[in-house]
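Heads up: the structure comes next, in structure tokens.
Residue numbers start at 1 and run along the sequence shown. This is a predicted model, so every value here is computed, not measured. Counting convention: from 1, in listed order, for ligands and their atoms alike.
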Amino acid sequence: MTFDTLKFAGEEVAALKKDNRFLKPRVLESAQKPVSVIDGKEVVNLTSNNYLALADNAKVKKAAIDATRKYGVGSAAVRTIIGTMSIHTELERKFAEFKHAEASILFQSGFLSNVAVCQSLMSSEQDLLISDELNHASIIDGGRLAKAPRKIYRHKDVKHLAEILETPEARKARRKMVVTDGVFSMDGDIANLDEIVATAHKYGAFVMVDDAHASGVIGKEGRGTVSHFGLDGQVEIQIGTLSKAFAAVGGYAATTQDLRDYLGSVARPFLFSSSQPPAVSASCLAVLDILLHEPKYLKKLWDNTAFFKEEMKKAGFNTGDSVTPITPVMVGDMEKAVKLSNRLFEEGVFALPLGFPTVPRGKERLRTIVTAGHTLKDLKFAVEKFKKVGKELSII
Ligand SMILES: *Cc1c(COP(=O)(O)O)cnc(C)c1O
């Protein structure tokens with residue numbers, strides 16, 4: 001089928017291909033597992049965000065199936081019409097407890113949680129949104145939908161943050177919100193949330209932390225960055241996703257009861273997009289229960305992380321400054337990163353190459369994430385293949 005009116009699409013695709021930016025995802029033909037079937041081949045999967053390996057967990061799956069039996073497959077309504085099911089309110093209550101917050105509100109994804117909060121709270125030209133330069137795309141887009149002007153501070157640079165907060169524009173702002181990722185998704189470093197909170201509060205700003213890669217991963221029982229720094233009760237808004245360690249899909253904001261109630265009445269993704277399917281809420285409740293009562297998953301995740309990082313460093317790879325299960329393998333050139341990924345795939349290991357605009361030009365890399373489900377044998381196999389192909393391509 002061709003339309004003259006859509007000729008530009010073919011031209012755009014050609015331009016993307018020329019710039020190595022055309023994306024053609026590989027296809028997963030099994031559950032998201034430590035060893036998965038991808039494009040018809042069984043490979044050690046180092047690319048998912050399935051940190052705790054619970055996406056295919058029997059208890060979690062049973063919870064989803066039971067909830068489907070009881071509540072059906074969907075709510076067929078937005079939350080504010082008749083799409084609020086008792087399983088949603090139960091998850092919101094338990095999630096607030098988990099985050100040591102007064103209340104929480106569910107959204108359909110982490111992306112939409114950021115959009116909802118940024119747009120709702122930064123709703124006037126007199127507000128000011130202040131964001132780390134490496135924050136996630138959904139924070140950037142949330143900021144674009146907000147009416148408030150935006151200021152960007154250099155990555156984790158609290159001096160720069162303070163400079164911005166000291167400007168006349170910031171001093172006279174109606175509301176000031178400082179936003180940071182908890183764990184930065186590309187480099188795997190942790191935000192200096194203690195310093196950020198102290199700086200923000202000194203100038204009367206409030207803080208929103210996006211714990212997408214931190215919830216279920218860092219802090220006591222995986223409670224996230226606030227718990228990691230012992231900042232309970234000091235961070236106004238904790239955002240996150242239910243699609244990574246929580247293995248399903250959805251997002252949340254854990255905060256005060258008042259702010260939760262406000263978002264529940266004005267946040268556009270909450271008001272104008274249907275609620276999470278009940279099976280999803282049930283899986284998240286099951287994951288919460290596992291986090292609180294079965295510490296073995298979190299322990300295995302961190303044991304695997306330490307082992308893999310150590311072995312990759314020993315092999316001579318530049319793995320950046322990550323202190324989390326995210327281990328970037330720096331390459332510095334997209335063509336080479338793609339080659340490395342493709343050769344590894346042939347050898348039975350899947351690690352995704354990442355380039356611009358996901359990471360800056362010159363910082364092209366493979367990003368690996370180990371999970372609690374990988375065996376030592378899987379990881380040793382992956383390291384051996386990395387060494388073999390890394391030498392072949394003169395990366396080490
Ligand atoms: C993955 C991610 C999101 C998006 O979460 P989804 O639930 O997949 O929409 C938001 N913020 C950060 C920091 C992320 O890493």
Which of the ligand 1 atoms, numbered from 1, are nearer than 4.0 Å to a heavy atom of His213: 15 (O)
Heavy-atom nearest neighbour in the protein, as seen from atom 3 (C) of ligand 1, with distance rounded to 0.1 Å: His136 CE1, 3.4 Å
Proximal ligand 1 atoms for Gly250, defined as those under 4.0 Å from one of its heavy atoms: 7 (O)
Side chain to side chain contact (heavy atoms under 4.5 Å, CB included) between Glu97 and Phe95, worked out: CA-CA 5 Å; Glu97 258 171 49; Phe95 220 85; over 6 Å; no
Modelled atom types, side-chain donor and acceptor of Ser215 and Lys99, under 3.5 Å: yes
Ligand 1 N/O within reach of Asp181 N/O, cut-off under 3.5 Å: no
Identity and distance of the protein heavy atom lying nearest atom 11 (N) of ligand 1: Asp210 OD2, 2.6 Å
Quiz item: cation-pi between Arg26 and Phe345, 6.0 Å / 45°: yes
Closest protein heavy atom to atom 8 (O) of ligand 1, given as residue, atom name and distance to 0.1 Å: Ser243 OG, 3.3 Å
Residue pair His374 / Asn304, side-chain donor-acceptor N/O under 3.5 Å: no
Quiz item: cation-pi between Arg361 and Phe356, 6.0 Å / 45°: yes
For Ala212, atoms of ligand 1 separated by under 4.0 Å from a heavy atom: 2 (C), 11 (N), 12 (C), 13 (C), 14 (C), 15 (O)
Nearest non-hydrogen protein atom, atom 7 (O) of ligand 1: Thr241 OG1, 2.5 Å
Contact check, Ser138 vs ligand 1, heavy-atom distance below 4.0 Å: yes
Check against side chain to side chain contact (heavy atoms under 4.5 Å, CB included), Ser104 and Leu106: CA-CA 7 Å; Ser104 85; Leu106 279 177; 5.8 Å; no
Backbone or side-chain N or O of Gly110 under 3.5 Å from ligand 1 N or O: yes
Side chain to side chain contact (heavy atoms under 4.5 Å, CB included) between Phe317 and Lys313, worked out: CA-CA 5 Å; Phe317 285 101; Lys313 258 185 213 150; over 6 Å; no
Considering all heavy atoms, the nearest Tyr203-Thr199 contact: CD1-O, 3.1 Å
Asn45 and Gln32 side chains, donor-acceptor separation under 3.5 Å: yes
Atoms of ligand 1 close to Ser185 [distance to a heavy atom under 4.0 angstrom, numbered from 1]: 15 (O)
Side chain, backbone, both or neither: Ser109 near ligand 1, heavy atoms under 4.0 Å: both
Residue-ligand contact Ala137/ligand 1, heavy atom below 4.0 Å: no
Minimum-distance protein heavy atom relative to atom 9 (O) of ligand 1: Phe111 N, 2.9 Å
Ring pair (Phe, Tyr, Trp, His ring centres under 6.0 Å) between His155 and Phe184, intermediate numbers included: CA-CA 10 Å; His155 185 47; Phe184 289 86; 4.4 Å; yes
Residue Lys244 vicinity, atoms of ligand 1 by number, heavy atom under 4.0 Å: 1 (C), 2 (C), 3 (C), 14 (C), 15 (O)
